[in-house]
Every structure is written in C-alpha cells, then in structure tokens.
Amino acid sequence: MWQVMGSTTVVLLFFVTVTSPDKAIRPNIVLILTDDQDATLGGAEPLEQGRKLLVDEGAEFTNAYATTPICCPSRASILTGRYLHNTEVRNNSVEGGCNDQKWREGMEGKTFATHLKNAGYRTMYAGKYLNQYGRGKEGGVEHVPEGWDWWAGLVGNSRYYNYTLSNNGKAEVHKDNYTTDYLTDVIRRKSIQFLSHYAERESAQTPFLMVLAPPACHAPFTPAPQYREKFKDKKAPRTPAFNRHQADDPKKHWLMETNPKVLSDKNIEVIDEVFRNRWRTLLSVDDLIEKVVHALGSYDLLNNTYIIFTSDHGYHLGQFGMPLDKRLPYEFDIKVPFWIRGPNITAKQKVTIPVLSIDIAPTLLELAGVPYSPVMDGLSFASIVRSNDTDQNGTTPDETDDTTDNEIPTDEHPKARINLINSSSPIITNYTGIQGRHDFLVEYFGEGSEHTSSPDCKGELKDDLMNLAECSSEFNCKCQDSRNNTFACLRTIGQEDSIFCQFEDDSLFQEMYSINQDPYQLTNIANLLKNETIQHYLKIMGMLKKCKGAECNNV
C-alpha cells in the first residue's frame with residue numbers, strides 16, 4: 001500500500017489516460033467529484049480555469065443527472081454503478097445504510113476501484129467518501145475500503161477545517177491553519193504527491209485511477225482567505241421559481257406547502273451570502289483542476305488521460321421558498337455539471353444525450369478495457385466520447401446561447417402542453433445502448449431526524465421533529481426534509497422532455513412537468529393527465545424501481 005500525505009475532498013475529477021497507439025498501454029483515470037454543486041443556478045460559473053482546461057479542450061454533457069438528490073446514496077451509486085434501490089443506501093444516516101456494516105461487507109467490495117485494482121491499476125482516493133465513514137462504530141479510521149492503494153478518506157461529512165482523514169488507516173488530524181489544513185488544498189497537494197510518486201516509480205504499463213473529492217461547495221461554505229472578498233456584487237439567481245408562492249399555482253407535494261411559504265428579507269440576505277460563499281469555495285477547486293492538469297502535463301501524462309469533472313447532485317437556494325438544501329425532485333437538485341476531456345474527444349462540444357451518476361462506473365471500466373459487471377444498472381458513455389460522429393452521438397458545437405436563466409418561456413398554455421403529452425406516441429423501447437435510453441429513475445427516501453433540527457422549532461412544529469429534518473430556526477423553522485418526502489420519479493428525455501413523480505404520502509401525491517415548456521417547474525400538470533397516461537408512467541416507473549442490471553435499460 002502506498003503512503004498518502006495530505007487530505008481529501010468532495011469533488012470527483014476523472015482523468016482517464018489513453019496515450020499510445022500501443023494497445024498494451026491502458027488509460028489513466030482521474031475523477032473529480034464536487035459536493036452539492038448545481039448546474040442550473042450558475043454553479044459552474046466560478047470555474048473559469050476548469051472550463052478552459054476541460055470544456056474548451058473536451059466536451060460538456062448538458063443533460064447530466066444524479067439519480068438521487070442526496071450525498072451518501074448518490075456517492076454509493078457513483079461508486080457501484082447501481083440505483084439506490086440496489087445499493088440499499090437510502091439516506092445519509094447509518095440507519096439508512098450509509099457506510100453501515102451491510103455496505104462495508106457487500107457493495108463496498110464491488111466498486112469501480114476494486115475492478116480496476118484487480119485489473120492492475122494503481123488507485124488513489126482523497127476527500128469525502130460517505131457521510132458516515134470513519135465513525136467509531138462503523139469501522140473507524142482503521143477501515144480502508146477495498147480497492148484503494150492510497151487512501152485519504154474524510155471522516156464524516158464535508159468540512160474545510162478541523163477534520164480528520166484516514167491516511168491509509170491512521171488518523172491524520174487537521175486544525176484551522178489555512179496553509180496546512182484547508183481541505184481542498186490538502187487534497188490538491190496529495191494528488192500532486194501521488195502523481196510525482198507515480199511518475200518516478202511506475203511504468204506506463206501500470207495505469208492509475210485517481211479520485212479527488214473536495215468539500216466544495218457544501219456547507220459550511222468556508223472559502224480560502226484569499227477568496228473571501230470575491231463576488232461581492234453577486235446574488236442567488238432570481239429565477240421565476242425564486243421565493244415563489246402564488247395562490248393560483250397548482251399545488252406541489254406536502255413538504256413544499258408547509259409554512260412559512262415565502263422567505264423573509266433576512267432569509268434572502270443569508271441565502272445571497274451562502275451563494276457567494278459557495279462560489280468562493282469553488283475557486284479553490286478551480287485551482288485544484290489547474291494544478292492537476294499542469295502536473296499531468298509536466299509528467300507527460302496529460303495526452304493519455306481522460307479528465308471527468310462532476311458533482312454528486314445539485315442544490316437549491318430559495319426556489320419555491322425553500323431556503324438551502326437538496327432532496328427535491330426538481331432540476332436544480334438533480335442536474336449536475338459534467339465535463340470530460342481526453343484523447344479523440346473533439347474540443348468545445350456539447351453532448352445532449354443524457355448521462356447519469358450510475359453511468360460513471362461502467363464508463364471507467366470500459367475506458368480501462370475492463371469488462372464491467374452485467375449487474376450494474378448504468379451504461380457506459382465511452383462510445384459517445386470516443387466517436388467523431390457528432391450527429392449520431394447527439395453532440396453539437398458549443399455555440400453561444402442567448403437564452404438567460406431568468407427568461408420565462410412563452411410557449412403553450414398548460415392545457416395545450418398536456419394535450420401533447422396525453423396524445424404522444426408510445427415511448428420507443430428498442431434500445432441501442434446509452435443513446436437509446438430515454439427514461440431513467442430518480443428516487444429518494446425522506447428522513448425524519450430530530451437531531452438535525454433546531455430545538456427552538458419543537459413547539460413551532462408541534463413536537464413532530466421525529467418526522468421532520470433540517471428544520472432551522474434561522475429560516476423560521478422551514479423544514480428541508482420529512483419522512484413523506486419519499487418519492488420516485490420518471491425523468492424522460494427523448495420523444496418528450498418531462499418528469500413524472502409520485503410521493504409515498506397518504507394521498508400518493510403526483511407531480512408532472514413538461515420541462516421544454518416549463519423549465520422552472522412552476523406548473524404541476526399532473527391533474528390534467530388522462531388516467532391511461534398516468535398508468536403508463538406508473539408502469540414504467542414501477543419496473544425501474546425493481547430493475548437490476550440490463551433490466552434498467554429495457555423498460
């Protein structure tokens with residue numbers, strides 16, 4: 001096992017190296033995975049160097065989605081290529097399967113890391129792993145997940161200072177000194193050390209996998225000192241959904257209808273400062289990307305490397321009066337940035353074919369020439385990135401888009417839209433790999449957790465904190481989660497662009513949005529659907545909720 005010095009983070013950056021025409025030389029892989037970084041509210045804008053180095057030299061996937069909008073389950077899905085219902089990691093608690101004994105003795109041994117290590121890859125991980133990793137009762141820092149040679153896993157959830165890393169099974173304690181302890185920078189230094197060690201001691205016949213998972217832009221949103229004064233003039237985007245509550249809007253599910261339904265001016269000030277600090281933390285991620293790319297170049301590794309950058313899920317900042325969090329089935333919580341550069345990838349391309357968090361594991365294995373398990377639910381997108389046939393692969397040149405995030409589409413009235421949905425042709429089922437997958441599942445298990453809420457909210461919420469979670473007195477006890485915020489959604493991108501959701505509450509509440517005509521999901525049109533249309537969606541969704549492996553792509 002190699003010794004790792006430094007720290008780990010929540011951003012996964014993927015570098016896959018494919019350099020030589022000699023087929024014996026396999027690609028290296030670097031994955032960068034950020035935490036809570038949205039794609040719809042400007043979350044990628046601070047990454048100017050990252051965009052120049054990755055997007056301008058590679059491709060941007062404009063329809064990239066997490067299959068669950070919460071940290072631990074999403075990370076489990078990324079690692080294994082499986083939907084939440086197959087990893088059995090339901091939420092961020094041990095009781096919800098996060099780093100519990102069943103995970104450690106089961107799925108943890110079936111990640112892309114174990115497959116790649118068994119195939120001869122040298123592997124390194126630095127940063128956030130799973131939210132409950134390293135706790136005393138859950139293996140402690142001594143537990144190094146199977147498949148990793150260099151391991152610098154963060155104990156617990158994202159932090160920037162005052163944390164502990166498991167450095168190959170030994171506690172590495174960090175305090176609050178920026179020079180030595182700022183986690184994103186610690187991860188960056190560890191990555192450079194790994195690459196230096198690799199370049200000195202390994203031959204080209206031994207490829208590497210490097211996963212970097214920085215804490216940005218997760219709470220507590222602590223920027224590096226040199227970036228504290230940046231973006232002073234910025235505010236959270238005032239999209240049509242921002243702080244929206246209109247009496248004539250069709251209702252959304254129970255959690256969204258709880259009081260208070262609008263944010264106070266003080267709440268909005270807090271949200272704006274959180275927005276600025278999220279961007280500030282990402283500037284250190286931008287530095288990380290630049291330094292890693294430079295190091296790859298200096299060691300003559302860059303031309304043989306695919307670099308993938310993405311996030312575990314999105315985030316919301318004031319949409320529909322919900323203060324700060326994820327856990328919702330809307331685009332701002334499930335859509336993520338997704339960039340890749342590497343050999344044979346045409347620069348400055350946009351790829352519109354949907355890719356999912358569960359597609360990462362099978363893609364890494366195919367890029368490495370390793371057969372991936374047929375029980376993985378995801379599909380490899382290697383055929384897209386390695387092909388120059390832009391028409392076939394749904395790619396287009398990256399041209400300037402004049403549409404702003406704050407423009408409201410002026411298309412049909414909701415009833416006109418629903419006529420199109422109710423009368424649409426049956427969804428095509430003769431799938432041809434990832435390009436033929438038009439439907440996918442988004443699932444989440446709501447949580448009640450009293451310890452996540454402010455004690456001051458107990459009276460306000462009628463002693464119901466056991467069924468609620470993330471209720472903060474700072475936001476007038478508006479809760480961000482509840483047990484009945486359990487849902488499954490069918491997201492369709494193909495013959496139609498829509499999302500249909502059903503909640504596991506007393507009424508089996510349903511929501512439906514036509515994304516093309518209603519990109520901000522303002523108007524729930526579920527009550528306009530014909531029963532036969534609802535049953536069609538429920539049938540497909542029901543199959544996806546039970547699917548395993550290839551079944552998940554042949555519904």
Side-chain angles (χ1 to χ4, degrees), residues 35-36 65-104 106-108 129-133 138 157 218 252-258 312-316 322 325-330 332-334 336 356-358 377-378 440-453 464-471 479-491 499-511 537-538 541-548 552:
D35 200 355
D36 287 10
Y65 288 87
T67 56
T68 184
I70 190 64
C71 299
C72 195
S74 183
R75 289 166 183 272
S77 290
I78 288 168
L79 288 163
T80 63
R82 291 167 170 85
Y83 276 122
L84 178 155
H85 62 268
N86 289 328
T87 67
E88 299 187 68
V89 179
R90 299 179 301 282
N91 54 47
N92 287 342
S93 66
V94 174
E95 296 76 15
C98 185
N99 197 54
D100 65 355
Q101 184 176 357
K102 187 174 183 179
W103 164 266
R104 298 195 308 275
M107 282 293 169
E108 190 169 69
Y129 179 55
L130 302 178
N131 296 52
Q132 299 298 329
Y133 171 75
E138 309 309 322
N157 204 359
H218 194 285
K252 298 183 184 296
H253 62 282
W254 181 86
L255 182 64
M256 304 295 287
E257 300 295 329
T258 57
D312 53 0
H313 49 73
Y315 203 71
H316 58 259
M322 299 296 283
D325 204 41
K326 45 270 184 179
R327 299 179 169 90
L328 298 176
Y330 306 119
F332 42 73
D333 280 4
I334 62 175
V336 294
L356 312 178
S357 51
I358 58 173
D377 305 327
F440 59 88
L441 183 68
V442 177
E443 50 191 338
Y444 177 69
F445 283 80
E447 190 174 8
S449 180
E450 185 171 359
H451 77 273
T452 66
S453 298
D464 197 29
L465 290 182
M466 290 299 295
N467 292 311
L468 301 166
E470 307 293 335
C471 313
C479 299
Q480 296 296 304
D481 200 10
S482 61
R483 292 191 188 276
N484 65 5
N485 186 42
T486 296
F487 56 81
C489 300
L490 179 68
R491 182 70 172 91
I499 187 166
F500 173 85
C501 302
Q502 181 164 283
F503 291 79
E504 298 300 320
D505 58 15
D506 293 340
S507 64
L508 295 179
F509 191 82
Q510 295 172 347
E511 295 188 31
Y537 290 138
L538 290 175
M541 197 162 67
M543 289 188 287
L544 284 172
K545 287 170 68 176
K546 297 178 181 178
C547 74
K548 292 184 178 180
C552 298

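Just so we're clear, the structure is a prediction, and the values are computed from it rather than from any experiment.
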Do E511 and Y330 come within less than 4.5 Å of each other through their side chains, counting heavy atoms only? yes
Does Q480 offer a backbone N or O that forms a donor-acceptor pair with the side chain of N485 under 3.5 Å? no
Pair L255, M322 - check side chain to side chain contact (heavy atoms under 4.5 Å, CB included), show working. CA-CA 9 Å; L255 182 64; M322 299 296 283; 4.1 Å; yes
Quick one: list whatever passes salt bridge (charged side-chain N to carboxylate O under 4.0 Å, His left out) with K548, sequence neighbours left out. none
Just verifying a value: how many Å separate Q502 CD and S507 OG, rounded to the nearest 0.5 Å? 9.0 Å
Checking the side chain of S357 only, and the main-chain atoms of I78 only, is there a donor and an acceptor separated by less than 3.5 Å? no
Holding to salt bridge (charged side-chain N to carboxylate O under 4.0 Å, His left out), I want the full list of residues that pass it with R483, two or more places apart in sequence or in another chain. none
Summary of salt bridge (charged side-chain N to carboxylate O under 4.0 Å, His left out) pairs that have at least one residue in residues 77-86, sequence neighbours excluded: none
Does S482 have any side chain to side chain donor-acceptor pair (under 3.5 Å) partners at least two apart in sequence or in another chain, and if so, which? N484
Apply the test side chain to side chain contact (heavy atoms under 4.5 Å, CB included) to residues L356 and Y83: give CA-CA distance (whole Å), side-chain angles for both, the deciding distance (0.1 Å), then the verdict. CA-CA 10 Å; L356 312 178; Y83 276 122; 4.2 Å; yes
Taking only residues two or more places apart in sequence or in another chain, which ones pass side chain to side chain contact (heavy atoms under 4.5 Å, CB included) with Q101? R104, E105
Pairwise distance OG1(T87) to CD(E108) - rounded to 0.5 angstrom: 12.5 Å
For K545, enumerate each residue passing the side chain to side chain donor-acceptor pair (under 3.5 Å) test, keeping only those at least two apart in sequence or located in another chain. none
According to side chain to side chain contact (heavy atoms under 4.5 Å, CB included), who are the partners of C489, at least two apart in sequence or on a separate chain? P329, V442, F487, I499, C501
Using the side-chain hydrogen bond (donor to acceptor under 3.5 Å, both in side chains) definition, which of the options H313, H316, K326 pairs with D333? H316
E257 side-chain N/O to K252 backbone N/O, donor-acceptor pair under 3.5 Å: yes
With sequence neighbours excluded, residues passing ring-ring contact (aromatic ring centres under 6.0 Å, His included) with F500: Y537
C71 meets the disulfide bond (SG atoms under 2.5 Å apart) criterion, sequence neighbours left out, with none
For the CG atom of L490 and the CE atom of M543, what is their distance to the nearest 0.5 Å? 9.5 Å
Side-chain donor-acceptor contacts of residues 90-98 below 3.5 Å, not counting sequence neighbours, with atom names and distances?
residue: R90; atom: NH2; partner: E95; partner atom: O; Å: 2.8
residue: N91; atom: OD1; partner: S93; partner atom: N; Å: 3.1
residue: N91; atom: OD1; partner: S93; partner atom: OG; Å: 2.6
residue: N92; atom: OD1; partner: C72; partner atom: N; Å: 2.9
residue: S93; atom: OG; partner: G96; partner atom: N; Å: 2.9
residue: S93; atom: OG; partner: E447; partner atom: OE2; Å: 3.3

Set out, in order, the CA-CA distance, both residues' side-chain angles and the distance that settles side chain to side chain contact (heavy atoms under 4.5 Å, CB included) for F445 and E504, then state yes or no. CA-CA 9 Å; F445 283 80; E504 298 300 320; over 6 Å; no
What's the separation between atom CG in L328 and atom CD1 in I70, rounded to the nearest 0.5 Å? 10.0 Å
Quick check: do V89 and M107 have side-chain heavy atoms less than 4.5 Å from each other? no
Sequence-distant partners of E450, side chain to side chain donor-acceptor pair (under 3.5 Å), two or more places apart: none
In terms of heavy-atom contacts, L544 and F440 come closest through CD1-C, 4.0 Å
As a test of understanding, state which of C552, S74, S77 forms a side chain to side chain contact (heavy atoms under 4.5 Å, CB included) with I358. S77
Check: R75 and N99 side chains under 4.5 Å, non-hydrogen atoms: no
Nearest heavy-atom pair of G446 and T486: which atoms, and what distance? N-OG1, 2.8 Å
For Y444, enumerate each residue passing the side chain to side chain donor-acceptor pair (under 3.5 Å) test, keeping only those at least two apart in sequence or located in another chain. R327, D481
Could you tell me if the side chain of T67 sits less than 4.5 Å from the side chain of E443, heavy atoms only? no
Could you please spell out the steps behind the side chain to side chain contact (heavy atoms under 4.5 Å, CB included) verdict for D312 and D36? CA-CA 6 Å; D312 53 0; D36 287 10; 4.2 Å; yes
